[in-house]
*Asks:* 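Attaching a single structure in structure tokens format; questions to follow.
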Amino acid sequence: MTQKRIERSIDLKNGRVDMTHGSGGRAMAQLIGQLFAKAFDNPALAEGNDQARLDLPMVDGKPARLSFSTDSYVISPLFFPGGDIGSLAVHGTVNDVALSGAKPLWLSAGFILEEGFPLADLARIVTSMAEAAKRCGVDIVTGDTKVVEKGKADGVFINTAGVGALNPAYDWSAAKIKPGDAILLSGPIGDHGIAVMAKRENLTFEEEILSDSAALHEMIAAMAVSGAAIHAMRDPTRGGLATTLNEMAQSAGVGFRLDETAIPVRAAVRSVCEILGLDPLYVANEGRLIAFCAEADAEKLLAVMQAQEHGREAAIIGRVVEDPNAFVEMKTQLGGHRMVDWLAGEQLPRIC
Amino acid sequence: MKYIEEFRDRRLAEKLAASIAEESAGGKADGRPFRFMEFCGGHTHAIYRFGLPDLLPSTVEMVHGPGCPVCVLPMAKIDVAIKLAQLPGVTLCSYGDMMRVPGGLRMSLMKAKAAGADVRMVTSPHDALMFAKENPDRQVIFFAIGFETTTPPTAVVIKQAQALGLKNFFVFCNHVLTPPALGWLLEASKDNDADTPPLDGFVGPSHVSAVIGTKPYEVAPRDYGKPVVISGFEPLDVMQAILMLVRQVKEGRAEVENEYTRAVTRDGNVKAQALMNEVFELRDTFEWRGLGWMPNSALKLREAFADFDAEKRFEAPVSEAKENPACQCPAILRGAKTPEECKLFGTVCTPENPIGSCMVSSEGGCAAWYSYGRRGK
């Protein structure tokens, strides 16, 4: 007669991460089984192997190209208005994959846990990730867990890698940007960085500022079939809109000319930036994208974006010009001109 | 009134631009353009950020002044701060903008932190005080810099530390004063060679003036015949101040006028001045980067507060850091040269790798020009 094994539940309410959770032994198996695998549950994960075995996605009966991206999340604080490190880790990588025009399919999730981290907080994060993944229509199919001594990680660090199926007909790239192209922005800038900064500094406002962290794959899919000739897309995360635009201008070897009055910024975000001496152009965003398309298609693409949940406040913010210096310049709200240079140094520590 | 949008109104800016152009048409009596210096780095920043040079006529030229406390701190002082941070048991608290500034040995507080020194970024001296209170086992040194805007808060925390009986809180004091620097500029501009056009007036700093009032600037009209207009930081403030300066010059007046009446009075913040006077006294002399040694231009802690003086408590060896001889900051700070006339500008000397004081902080004239003003020809 086989003995019935009693499996104790891990104490998700009051327990803490300890070194045994990373040692590969029973405690780790319990943590994975009762927390991660349970929350992320899907057939590939349920097989319980070291790797997920997945069928090659097809487009029009032919194998799709794969779009593959990875990102690590070290944000502090872990929970902030509008999200947490878990939902951020899902949205961020889903977006990076989707920005190629691919349909996001699968994510991996690697966790580095600090000894002493409350399991209740970990459970909150894992639940948030599972919900975000479900909303995005992706499965978290493989993962890893490590534990480091107290003081060697800030609570939890997460890495997600993502794979998506890309229609070979889409080849959006900074190299495709041409003089004359229109530059579109999907919504107000600065929400994420300021929401995190406010939480970190314990600032409170009449109007709460929420991170804009969101998955943009549905809007991107609508833009892809809009008929507009899209040349490139990217998301302005760390370093803000200014940094991403400078990267793309340099990559493409062209200049950008922006109109400050066309760039949406929430009044509350602008006020906080003024108080703290920050420029919204350099503040991180987690649910916005920049798109470049042929001039003639700008209004059409804009309309498609504005019809989407995460593109309601989309705007055409400038155009592409010939410029051997690859400068990004802006007409200011007063009608003067200024450069929008690369960020020198650091505006905000650890906001994504 | 919301205070941000109203002072950035485009139509008002256009009206002011038109008035400035009309009233400065033809230049001064001798046909030369009006040349005004905005003393404060915050104004330099505002001018470039909003693209004001495009709104000003060619008959008005703005020259960028030395009112940036990060820029005027000598490299030798950064080296002292780094040495202090490297002492065992010490936590050095610093404002963010000081962290990147390279010292004489190409080290910076940021690099020292990466190498293991306990350097913490704070946004106010209060943060440093609280850290000292909560960590009695650390010797906490606050790296105090700034003109009169930041000096009263430093005075406050020193008094608070005294009231709390803290034994582990110190201030490394590098506070400097505005009127002596203005006086130095006025004297130095006499040394500009005959081809360098003179400065016709000054746009005076906003927040310094909220503290010290407008009285201390009276030395400029009285002893040098130069007008001063105290201005707020918003672009419309600066434009209004420029218009007021043009009018003074045309009408042959030299006075201190106040454009920033919503925050500045003639006497200033008397309580803040009393606090500064209670805690600090004048140093005989102080080295200003780019400007040289200036008497009675900087502050140190009074004897009564010696227990909180980092220079008394710790060995602070002064280094022999030397400026790059090709650096043109001294001439740029006097208005005798522009950033582009310096061979190092934009090549060796950039915001990421600043050689001289004007490039070191985002408010320095060279840094502001590099980050905002450079544009394709």
Side-chain angles (χ1 to χ4, degrees), chain A residues 179 197-198 200-203 206-207 242-243 246 249 253-261 265-282 321-350, chain B residues 2-5 7-14 16-17 42 45-56 95-101 108 110 120-121 123-124 127 233-236 238-239 346 350-354 359-364 367-377:
Chain A
M197 182 74 172
R200 195 183 285 138
E201 301 293 323
N202 278 318
L203 299 171
E206 272 171 25
E207 191 191 311
T243 301
N246 272 286
V254 290
F256 298 156
R257 302 293 177 259
L258 310 175
D259 180 356
E260 186 170 30
T261 58
V265 183
R266 297 200 197 291
V269 168
R270 202 187 284 286
S271 299
V272 177
C273 283
E274 285 300 322
I275 296 172
L276 298 176
L278 302 169
D279 186 341
L281 289 173
Y282 296 92
V321 299
E322 298 224 6
D323 182 354
N325 292 311
F327 282 162
V328 177
E329 292 175 20
M330 184 166 80
K331 184 163 117 179
T332 69
Q333 63 188 118
L334 292 188
H337 286 83
R338 61 164 272 204
M339 251 190 88
V340 176
D341 200 14
W342 292 84
L343 181 63
E346 197 184 333
Q347 267 213 134
L348 291 171
R350 294 206 280 127
Chain B
K2 290 216 177 107
Y3 290 106
I4 298 181
E5 290 316 311
F7 287 88
R8 299 179 186 182
D9 182 284
R10 180 163 180 172
R11 280 162 312 138
L12 289 175
E14 284 169 355
L16 276 168
H45 194 93
I47 285 169
Y48 279 115
R49 185 181 157 189
F50 292 96
L52 291 191
D54 294 318
L55 296 168
L56 294 173
Y95 289 124
D97 9 23
M98 286 312 301
M99 306 247 321
R100 287 192 310 120
V101 180
S108 67
M110 187 77 90
R120 312 228 171 194
M121 189 179 94
T123 48
S124 85
D127 291 344
F233 277 121
E234 295 298 328
L236 291 189
V238 177
M239 294 182 80
T350 62
E352 280 75 29
N353 185 47
M359 187 63 91
V360 142
S361 150
S362 59
E363 296 185 351
W369 175 250
Y370 189 91
S371 298
Y372 295 112
R374 260 185 325 151
R375 292 202 333 258
K377 303 278 179 252

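Please read all numbers here as calculations on a predicted model, not as lab measurements. Lettering of chains follows the sequences in order, A, B, ..., and the numbering in each one begins at 1.
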*Asks:* Using a cut-off of under 4.5 Å for heavy-atom pairs, which of B/T123, B/L55, B/L12 has the most such pairs with chain A?
*Replies:* B/L55
*Asks:* For B/A13 and A/L334, which heavy atoms make the closest approach, and how far apart are they?
*Replies:* CB-CD2, 3.7 Å
*Asks:* Closest heavy-atom contact between A/T332 and B/G51?
*Replies:* CG2-N, 3.8 Å
*Asks:* Do you know which of A/E260, A/E274, A/H337 has the most heavy-atom pairs under 4.5 Å to chain B?
*Replies:* A/H337
*Asks:* A quick test of your reading: do over 12 heavy atoms of other residues, nucleotides or ligands sit less than 6.0 Å from CD of B/E14?
*Replies:* yes
*Asks:* Please give me the minimum heavy-atom distance between A/R338 and B/Y48, naming the atom from each residue.
*Replies:* CB-O, 3.5 Å
*Asks:* Quick one: what part of B/R49 sits under 4.5 Å from any heavy atom of chain A, side chain, backbone, both or neither?
*Replies:* both
*Asks:* Rounded to the nearest 0.5 Å, how far apart are CZ of B/F50 and CE of A/M330?
*Replies:* 9.0 Å
*Asks:* Let me know if A/S271 has heavy atoms under 4.5 Å from chain B in its side chain, its backbone, both or neither.
*Replies:* both
*Asks:* Need one label for B/D97: side chain, backbone, both or neither, based on atoms under 4.5 Å from any heavy atom in chain A.
*Replies:* neither
*Asks:* Closest heavy-atom contact between B/Y370 and A/M339?
*Replies:* O-SD, 4.0 Å
